[in-house]
Amino acid sequence: MLAALAGDAPPGAERLDLAALFRRHHLELVRLALLLVGDRPTAEDVVQDVFARLQARDQQLASRDDGGLAYARQAVVNGCRSVLRHRATAHRASARIDLPGVQDSAEGQALLAEDRRQVLVALSALPRRRREVLVLRYYLGLSEAEIATTLGISAGAVKSSAARGLAALARQIGETS
Amino acid sequence: MTTTEDRLTDALNAAARSVTAPSLRPLEDHPAPAQDPANRQVNRRRWLAAVASAAAVALIAGLAVSISARLRTPPVGGDGTPPRYYVGLDPKDQLVVRATATGKVTSIVPPPRHGHLHFFSPLAAAGDRTFFVQVTTESYTARIYRFRVTAAGRVTGLAPLPGGALPSRRIAQQMAASPDGSRLAVSLHPGAYKRNAHHAEIMVINTRTGARTVWTDGQAPPGQSAPSLTLLQLSWTGDGRELAYLEVWMCKAGPLNTACVQPMVNAYEEVRALDPARGGGSLDSGRLLLRRPRGGLEAAAITPDGSALTTVVVPRRHSAHPGATVTRPGPPEVMKVAQVPAGTSGRARILYRLITRTTDLVWSFEPGKAGQFLILIAGVTRFTGGTVNGWIADGRLHRLPFPYNSAYSEAW
């Protein structure tokens, strides 16, 4: 899909309303990145980079019905993957997966009661694709088709990743779902 | 919805709510475009800023070129030349063997059948074209493999190393092989969240028998709780009698030991050396070779005779969020490769200087047999750009022919 988007825009193509996309979805995208990378400064950096790239592609994205939101989500997920891979490879950074929000503020910590921490710890231990599928499904509420588009995988893979991820999560937190 | 789904939805939403709209920082450098004519001036300024940025980048590149004015391609043949091949992880996550002189790929290391492959890293070389590599799966199980590169640059004998299956949820951050390849030193960190598992340790594996000895970190400095000790580099003396390690006390761990939450006050970085023949113990007991306030000591390798350390220093400002990954390049700074006496005071001898970014990291720094140093410097993510990939000898940087603008670990 990215290759197709990289083509020249037709003359007079309408420009993407990046300002609207930013106003409506910036917070949502930062929150999505936070849930995937685990710390807020990185989440904000990832989304900043996505908007910088969107600015360069606004003409190509203008014709999209969703105003570029699906592309932005896809780019955020890809950016998070890149960060996680580099973070795990970097020889100085601990490869521990951080829990979203725990290091940000006292308020953030208060929001995460022990029960929620347990769930997030179990989620962070899942393989990357299952974690991504569960976050897109249960945080953003995306459909299987939308998740498949965002992650670039088939709907069947989304279904199986979700089922296996939920089963693993249930085992980790001691439930029979 | 099942109970699990309910709990997951609740936990995700609670975590997401820790970010609120008013607390978000505005977009930097790339404000959202506006449509009305009044904002055309803003757009023009944005273009001017982009042009100015490009000019600054060109200036920095020019400075780098002027400082490393004697850049040249690697020589081939003769004494003191670098190893004929090096092994590196490319941006496609493939582990490839390349000819040092030409950059041509001579072989690709086949992925071992070891669970769901995640990636190869880190790497270590024994100097006789024997290499060690950790293979990590997505479920954070890690195993070290060994292979050889033939005189023709082909991979042969890829097999699990005896004693190379790492403890559950522990991954190697750094590895170094003794010059004769008989021992492999591995620094370990937790591979995923684990309560009370914030300590670092060094494991030395006998590569013939698989026997292991372990050194672990000691007590936190006075007044600090749950510190995070990071081991940045391991290196051996030529006779294999000492193993040097660069350790940095980074910061305090988070409430569940999950991340750094604040830089440590009076933090320091030090290089120590241990005797691998002893049967393990505390990392604090190693012979102190160098100690300095924390400030960008990125790599330190002991010389073959153990009398000095070759260090790489990249001055940097410490982030208020030291556990966070930096995704934007910092301001330019002078990186210095210098040799300092080990265990005694004395003047540093500068081997090389290079303009780099404060956010750049030294990903590989490998001493070679003839006194060269393989060096790979890049940002944490590809967004930061500016990779230095080559080897330093006789005050010169010899760039390695490499088709990508980013690379990960390398060894030779």
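Letters A, B, ... mirror the listed sequences (proteins, then strands); counts begin at 1. In what follows, every heavy atom counts, from backbone to side chain, and hydrogens, waters and symmetry copies are set aside.
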Check your understanding: Can you tell if the side chain of B:Arg7 reaches within under 4.5 Å of the side chain of A:Gln118, non-hydrogen atoms only?
Key -> yes
Point to revise | Over all atoms of both residues, closest heavy-atom pair of A:Ala170 and B:Thr4 | key: CB-OG1, 3.6 Å
Revision key, fill the gap. Nearest heavy-atom approach of A:Tyr138 to B:Asn13 is O-ND2, 4.5 Å
Point to revise | Shortest non-hydrogen separation from A:Leu34 to B:Ala15 and the atoms involved | key: CD2-O, 3.6 Å
Check your understanding: Are any of the side-chain heavy atoms of A:Val119 and B:Asp10 separated by less than 4.5 Å?
Key -> no
Point to revise | Distance-minimising heavy-atom pair for B:Leu12 and A:Leu134 | key: CD1-O, 4.0 Å
Practice item. Check the pair A:Leu120, B:Leu8 against side chain to side chain contact (heavy atoms under 4.5 Å, CB included), reporting the backbone distance first and the verdict last. Key: CA-CA 8 Å; A:Leu120 293 172; B:Leu8 176 60; 5.8 Å; no
